[in-house]
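Read the structure below first, then the notes.
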There are 2 protein chains.
Amino acid sequence: MPNIYDISERSGVSIATVSRVLNGSPKVSEATKNKVLAVMDELGYTPNVFARGLGLNTMNTVGIMCSDSSDPFLANAVYYLEQNLRKHGYDSFLCCTGYELQNKKNYLELILTKRVDGLILVGSSLLEPNDEDNLYIKEAASHVPVMLMNGVLKGAGIYSVVCDDCGAVSSVTERLIKSGRKRILYLYTAESGSGLQKLKGYKEALKANGIKCDKDLIRLLPCDIENTRHLLSGLYTSGLRFDAVVCSEDRLAVGAIKAAKDMGLSIPGDLQVVGYNNSLLALCTDPELTSIDNHVETLSATAVKCLTDVFQGKRIPAKTIIQNALVQRETTRFQ
Amino acid sequence: MPNIYDISERSGVSIATVSRVLNGSPKVSEATKNKVLAVMDELGYTPNVFARGLGLNTMNTVGIMCSDSSDPFLANAVYYLEQNLRKHGYDSFLCCTGYELQNKKNYLELILTKRVDGLILVGSSLLEPNDEDNLYIKEAASHVPVMLMNGVLKGAGIYSVVCDDCGAVSSVTERLIKSGRKRILYLYTAESGSGLQKLKGYKEALKANGIKCDKDLIRLLPCDIENTRHLLSGLYTSGLRFDAVVCSEDRLAVGAIKAAKDMGLSIPGDLQVVGYNNSLLALCTDPELTSIDNHVETLSATAVKCLTDVFQGKRIPAKTIIQNALVQRETTRFQ
DNA sequence: CACGTCGATGTAAGCGTTTACATAGCGATT
DNA sequence: AATCGCTATGTAAACGCTTACATCGACGTG
């Protein structure tokens with residue numbers, strides 16, 4: 001592979017000049033520049049990133065840490081992040097950490113070793129319930145800017161882009177109540193980091209409407225269709241009654257729809273169902289699922305925009321909020 | 001940030017010895033090794049990858065080129081690839097190319113610039129119909145080993161891991177025929193690279209059973225639920241009749257199920273439906289979708305295994321075939 | 001006892017860039 | 001004509017590591 005010396009020799013200029021051409025420095029005459037470019041093209045030269053990295057101590061790469069890129073929502077996020085990063089001239093270094101805290105710590109260390117220019121953390125269990133467990137993120141932020149997608153953590157060099165999950169759930173719950181529902185089930189998963197935010201919204205809506213919060217109607221469960229289906233059927237059989245279900249994830253909602261069929265409940269007549277993320281799944285069910293869309297595209301674009309702003313030394317707010325929107329389909333009936 | 005000289009100084013050995021410790025060289029006494037490790041730990045030292053890369057001309061990184069990681073099947077593939085690569089000690093450099101040929105060419109050039117140790121190409125439109133358009137892959141293979149997932153191309157340094165798509169479709173089509181279906185619709189998308197392989201299987205099955213192939217029953221369409229739904233309803237309204245649908249992608253099958261409902265056809269009584277990829281979507285529909293599972297997990301693991309074997313100088317077959325399996329659910333009824 | 005061997009460690013060159021600083025050439029200013 | 005300043009270009013050091021080769025001491029062998 002040709003290196004900068006080959007180009008230098010062949011084009012009769014010094015390596016410094018070649019390097020200047022490479023970096024688009026203005027202090028090179030048009031003539032030399034063209035000559036050098038011609039030689040580069042002729043020899044099929046590509047600069048060596050390692051050498052470049054050594055000098056500049058950057059590789060124009062952003063690390064994406066994602067708990068599980070096979071989750072439809074996260075897959076979308078990774079996709080849009082990658083697209084947007086590239087648009088801004090950055091490459092993506094992907095890391096799927098899974099849900100184990102220790103793994104996440106290990107991966108984070110690893111990714112920092114790679115000398116990425118910044119980090120984007122995305123994914124369900126982004127933040128541990130115990131704040132002490134999040135120290136590793138603060139540690140990372142002391143090296144490079146860290147962008148949290150759908151999670152909030154305070155600290156120098158840590159920025160967040162979040163949806164108004166609390167508000168969205170509060171609003172949809174309120175609408176369910178206004179449409180006459182009184183016993184609203186709330187299902188959430190541990191993997192969904194903002195599950196607690198959403199729960200907060202749920203409780204707020206109940207309170208604002210003078211409905212007492214029934215612990216039996218709040219369920220933490222794994223993010224799995226079949227499991228949810230059986231849980232709900234079981235609850236129903238054992239006598240629990242409910243007339244609406246709000247879920248922190250579409251998959252749970254799919255399970256709820258299946259369960260309704262098992263129980264002989266009509267949707268949305270006997271049971272209204274609301275999902276979250278507005279994923280492809282919402283279009284597959286019958287009836288089609290009403291879901292809260294958190295604009296993963298906007299979310300991703302904003303995360304990248306903010307991060308690159310930080311790179312350029314701009315000051316940005318520590319927290320940026322994106323509004324999400326309810327996409328109404330067939331599993332609900334309210335104004 | 002501390003560098004190798006700091007460690008050397010602090011531990012009273014030369015940088016060569018430090019480097020040896022770093023690389024696990026056997027020619028370091030246990031005592032020195034421990035001392036050096038202690039100092040590294042104390043100073044929080046992490047080797048600089050660029051410097052390392054400069055010397056070794058490798059960064060233990062594999063480039064993953066994926067047309068669209070928001071596609072559920074590809075998202076899964078990317079996930080498993082990343083997991084397996086890490087297990088083998090490699091990092092992943094992700095690149096979502098989209099479906100434009102020119103983009104793919106650009107990205108490939110870019111990714112090679114990064115000095116990856118190898119490439120894994122995954123994704124629907126992996127291979128262009130026109131063989132000349134695939135030259136850029138051969139070009140890439142002249143630099144580093146290239147692994148094709150679900151696509152075949154001959155050339156030095158190009159390896160493939162594929163499912164027996166042709167056989168799987170042939171087999172399922174035959175079973176549909178045996179169950180009494182005569183007018184079987186075949187739907188495929190341009191994005192699905194193996195759509196043509198699958199089509200071949202479809203035709204083979206018809207031929208083997210003495211059924212004439214009706215061009216009207218073979219449709220190329222975009223990979224979209226709503227679009228498929230409307231197309232089928234339209235065809236039905238305009239008089240086309242069919243009693244089974246085989247699809248090259250689950251999303252098409254979801255559209256078909258929706259269309260059946262529109263047309264008042266019962267599934268699987270009037271219409272049997274088969275999807276492909278056995279994605280999450282298959283579990284969401286009602287009735288649940290029978291789908292061909294191409295073992296993305298095995299496929300990914302095999303791709304990574306083969307590639308790392310190549311890295312180690314082992315000889316591997318240019319083409320490895322994985323068997324796929326039919327997962328029967330509610331949209332079909334045959335033995 | 002001289003010598004070869006071997007294992008542990010050190011020295012220094014090299015990897016391919018970037019860039020601060022030096023230099024050369026040339027027109028403008030005095 | 002000497003000086004200044006500017007632009008285009010060159011020189012060389014630095015980035016942090018790997019590794020071939022050199023060195024050194026200890027030990028076994030004839």
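The sequence lines fix the lettering, A, B, ..., with proteins before strands; numbering per chain opens at 1. Quick caveat: nothing in here was measured; it's all calculated off a predicted structure.
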**Report entry** Nucleotide C:dT19, atom C1' - distance to CG of A:Leu56 in whole Å
**Finding:** 10 Å

Requested in this report: Look at the side chain of B:Arg52 and decide which nucleotide, out of D:dC17, C:dA8, D:dT9, has an atom nearest to it.
Outcome: D:dC17

Requested in this report: State, with a plain yes or no, whether a side-chain heavy atom of A:Leu81 is found less than 4.5 Å away from one of A:Ser92.
Outcome: no

Query raised in the report: Side-chain contact, heavy-atom cut-off 4.5 Å: B:Ile158 with B:Lys138?
Result: yes

Query raised in the report: Say you draw a straight line from CG of B:Asn134 to CG of B:Leu148; how long is it, rounded to the nearest 0.5 Å?
Result: 8.5 Å

Query raised in the report: Roughly, in whole Å, what's the span from CG in A:Asn60 to P in C:dT17?
Result: 16 Å

Query raised in the report: Among D:dC17, C:dT17, C:dT18, which is the nearest nucleotide to the side chain of B:Tyr5?
Result: D:dC17

Query raised in the report: Within this structure, what is the CG-to-P distance between B:Asn23 and C:dA8, rounded to whole angstrom?
Result: 17 Å

Query raised in the report: Just by distance, with hydrogens left out, do B:Arg52 and B:Asn60 show a side-chain donor and acceptor under 3.5 Å apart?
Result: no

Requested in this report: For residues A:Phe73 and A:Val296, report the shortest heavy-atom separation together with the two atoms involved.
Outcome: CE1-CB, 3.7 Å

Query raised in the report: Which part of the nucleic acid, if any, lies within contact of A:Asn57, taking any heavy atom under 4.0 Å across all strands shown: a base, the sugar-phosphate backbone alone, or nothing?
Result: nothing

Query raised in the report: Heavy atom of residues 12-22 of chain B under 4.0 Å from DNA chain C: which residues?
Result: B:Gly12, B:Val13, B:Ser14, B:Ile15, B:Ala16, B:Thr17, B:Arg20

Report task. Among the candidates D:dT9, C:dT17, C:dT19, find the nucleotide nearest to the side-chain atoms of A:Ile4. Result -> C:dT17

Query raised in the report: Got a second to check how far B:Leu121's CG is from B:Ile137's CD1, nearest 0.5 Å?
Result: 5.0 Å

Report task. Send over the distance from A:Leu54 CG to C:dT17 P, rounded to a whole Å. Result -> 12 Å

**Report entry** Reported OG-to-OH distance for the pair A:Ser69 and B:Tyr79, which is rounded to 0.5 angstrom
**Finding:** 7.0 Å

Query raised in the report: To the nearest 0.5 Å, how far apart are NE2 in A:His295 and OG in A:Ser300?
Result: 12.0 Å

**Report entry** Selection: residues 30-47 of chain B, any non-hydrogen atom under 4.0 Å of DNA chain D
**Finding:** B:Tyr45, B:Pro47

**Report entry** Protein-nucleotide distance (B:Ile7, atom CD1; D:dT18, atom P), rounded to Å
**Finding:** 12 Å

Query raised in the report: Which residue lies toward the 5' end of DNA chain C, B:Pro26 or B:Ala51, if each is placed at its nearest nucleotide?
Result: B:Pro26

Query raised in the report: Less than 4.0 Å between a side-chain N and a carboxylate O, is that true for A:Arg86 and A:Glu82?
Result: yes

Report task. Compare the minimum distances between each of D:dG16, C:dG16, C:dT18 and the side chain of B:Asn48, then state the nucleotide with the smallest one. Result -> D:dG16

Report task. Give the rounded distance in Å between these two atoms: CE of A:Met59 and P of C:dG16. Result -> 17 Å

Query raised in the report: Any donor-acceptor pair under 3.5 Å linking the side chain of A:Ser19 with the backbone of A:Ile15?
Result: no

Report summary line: Bend of the helix from C:dC1-D:dG30 to C:dT30-D:dA1 from end-axis comparison, five pairs per end, nearest 10°, comes to 60°

Requested in this report: Carefully, step by step, assess A:Thr58 and A:Asp117 under the rule side chain to side chain donor-acceptor pair (under 3.5 Å).
Outcome: CA-CA 6 Å; A:Thr58 163; A:Asp117 298 321; 2.6 Å; yes

**Report entry** Point-to-point distance, once rounded to the nearest 0.5 Å, from CG of A:Leu307 to OH of A:Tyr90
**Finding:** 7.5 Å

Report task. Using atom NZ of B:Lys27 as one end and atom C1' of C:dG10 as the other, report the distance to the nearest whole Å. Result -> 13 Å

Query raised in the report: What integer distance in Å separates B:Met1:CE from D:dG16:P?
Result: 11 Å

